[in-house]
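Side-chain atoms are counted along with the backbone in the values below, which use heavy atoms only and exclude waters and symmetry mates.
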Amino acid sequence: MAESGGFRVEVVSPERVLFSGDAKQVITRTLDGGEIAFLPGHISFLGALVENHTRIYLSDGKVQDLAVHGGFVEVAPDHVTILSDAAELAEDIDVTRARAAKERAEAAMRGEHDAAVEADLRRAHARLSATGGLTHGAAH
Ligand code: ATP
């Protein structure tokens, strides 16, 4: 168990640990349940994630924002692990690139809708939300 009533949070891909730290809350978005907040002591849970702006409220009072583009969240009373092939820390996100991707996807959606373009738009929204470029609640 992490110190002072928190839990251990890790964001990992098969290749690397993107983030690891002690936290007191994690908010992410699952396929079935929408946005969910996990607190220390939560019962075991396994969920599939959609593209989303994930927030990790750290024990030291800081907040780590991330864009997470699918994957899984595994929760136990003393830890949360997010397993995702595609996730970025907010500080690593290039906002200009994400804005350009959003505009491209929006332009493409004025033509024929297709699932790939919708996914492009959801990734861009998650990136912009994680970097504060979308108002809270606008991204999925
Ligand atoms: P773009 O159209 O700008 O390439 P994309 O959504 O098609 O964006 P992805 O296929 O999701 O890009 O990602 C390809 C790689 O580029 C991944 O490693 C991803 O982390 C990185 N990446 C994509 N967009 C950004 C961004 N705005 N800032 C930082 N890294 C990004």
Side-chain angles (χ1 to χ4, degrees):
M1 180 74 83
E3 288 163 38
S4 65
F7 52 12
R8 192 79 191 157
V9 179
E10 294 201 325
V11 181
V12 300
S13 74
E15 291 84 34
R16 67 185 180 130
V17 177
L18 182 65
F19 173 84
S20 175
D22 290 331
K24 49 193 182 191
Q25 187 177 195
V26 175
I27 299 179
T28 191
R29 185 177 284 270
T30 64
L31 194 57
D32 298 330
E35 195 157 79
I36 309 188
F38 296 108
L39 296 167
H42 196 284
I43 56 164
S44 294
F45 173 84
L46 182 63
L49 298 174
V50 292
E51 296 87 346
N52 78 90
H53 168 192
T54 292
R55 304 153 182 89
I56 303 173
Y57 293 86
L58 303 172
S59 297
D60 68 6
K62 293 185 187 133
V63 182
Q64 177 65 61
D65 294 285
L66 301 103
V68 177
H69 311 293
F72 295 91
V73 61
E74 189 259 322
V75 181
D78 65 350
H79 71 258
V80 171
T81 302
I82 290 176
L83 177 63
S84 177
D85 282 341
E88 296 119 15
L89 300 174
E91 53 268 36
D92 295 335
I93 293 172
D94 177 338
V95 177
T96 307
R97 177 174 167 183
R99 281 208 193 103
K102 175 174 176 281
E103 278 162 23
R104 265 198 318 278
E106 284 171 347
M109 285 182 63
R110 280 181 222 118
E112 211 167 297
H113 272 228
D114 85 40
V117 173
E118 287 173 13
D120 290 348
L121 188 58
R122 288 197 301 270
R123 286 198 304 281
H125 273 171
R127 288 177 179 127
L128 291 173
S129 179
T131 51
L134 279 181
T135 51
H136 181 70
H140 295 285

CA sep, side-chain torsions, deciding dist, call: Arg122, Val50, side chain to side chain contact (heavy atoms under 4.5 Å, CB included): CA-CA 9 Å; Arg122 288 197 301 270; Val50 292; 5.8 Å; no

Mind running side chain to side chain contact (heavy atoms under 4.5 Å, CB included) on His69 and Arg127 for me, showing each step along the way? CA-CA 9 Å; His69 311 293; Arg127 288 177 179 127; 3.5 Å; yes

Any heavy-atom pair between the side chains of [Y] and [X] that's under 4.5 Å?
X      : Y      : value
Val73  : Thr54  : no
Val95  : Leu128 : yes
His79  : Glu74  : yes
Arg123 : Asp120 : yes

Straight-line distance of [X] [atom1] to [Y] [atom2], nearest 0.5 Å:
X      : Y      : atom1 : atom2 : value
Arg29  : His53  : CZ    : NE2   : 11.5 Å
Asn52  : Ser129 : CG    : OG    : 8.5 Å
Ser20  : Glu10  : OG    : CD    : 4.0 Å
Asp94  : Glu88  : CG    : CD    : 10.5 Å
Ile56  : Gln25  : CD1   : CD    : 11.5 Å
Thr131 : Asp92  : OG1   : CG    : 11.5 Å

Would you find more than 12 non-hydrogen atoms of other residues, nucleotides or ligands less than 6.0 Å from Glu112 atom CD? no

May I have the step-by-step check of side chain to side chain contact (heavy atoms under 4.5 Å, CB included) for Leu89 and Leu18, ending in yes or no? CA-CA 8 Å; Leu89 300 174; Leu18 182 65; 4.1 Å; yes

Hydrophobic clustering (ILVMFWY, side-chain heavy atoms < 4.5 Å, transitive) - are [Y] and [X] grouped together?
X     : Y     : result
Ile36 : Val26 : yes
Val11 : Leu58 : yes
Phe19 : Leu49 : yes
Ile43 : Leu46 : no

For the student: nearest non-hydrogen atoms of [X] and [Y], plus distance:
X      : Y     : value
Ala23  : Ser59 : N-OG, 3.4 Å
Ser13  : Asp85 : CB-CA, 4.3 Å
Ala130 : Ala67 : CB-N, 3.8 Å

Please tell me whether Phe45 and Phe38 form a close aromatic pair, meaning their ring centres lie under 6.0 Å apart. yes

Is any side-chain N of the basic residue among Arg55 and Glu35 closer than 4.0 Å to the acidic one's carboxylate O? yes

I would like to know whether Ile82 and Leu66 meet side chain to side chain contact (heavy atoms under 4.5 Å, CB included); could you show each step before the answer? CA-CA 11 Å; Ile82 290 176; Leu66 301 103; over 6 Å; no

Test salt bridge (charged side-chain N to carboxylate O under 4.0 Å, His left out) on Glu106 and Lys102; report intermediate values, then the result. CA-CA 6 Å; Glu106 284 171 347; Lys102 175 174 176 281; 3.2 Å; yes

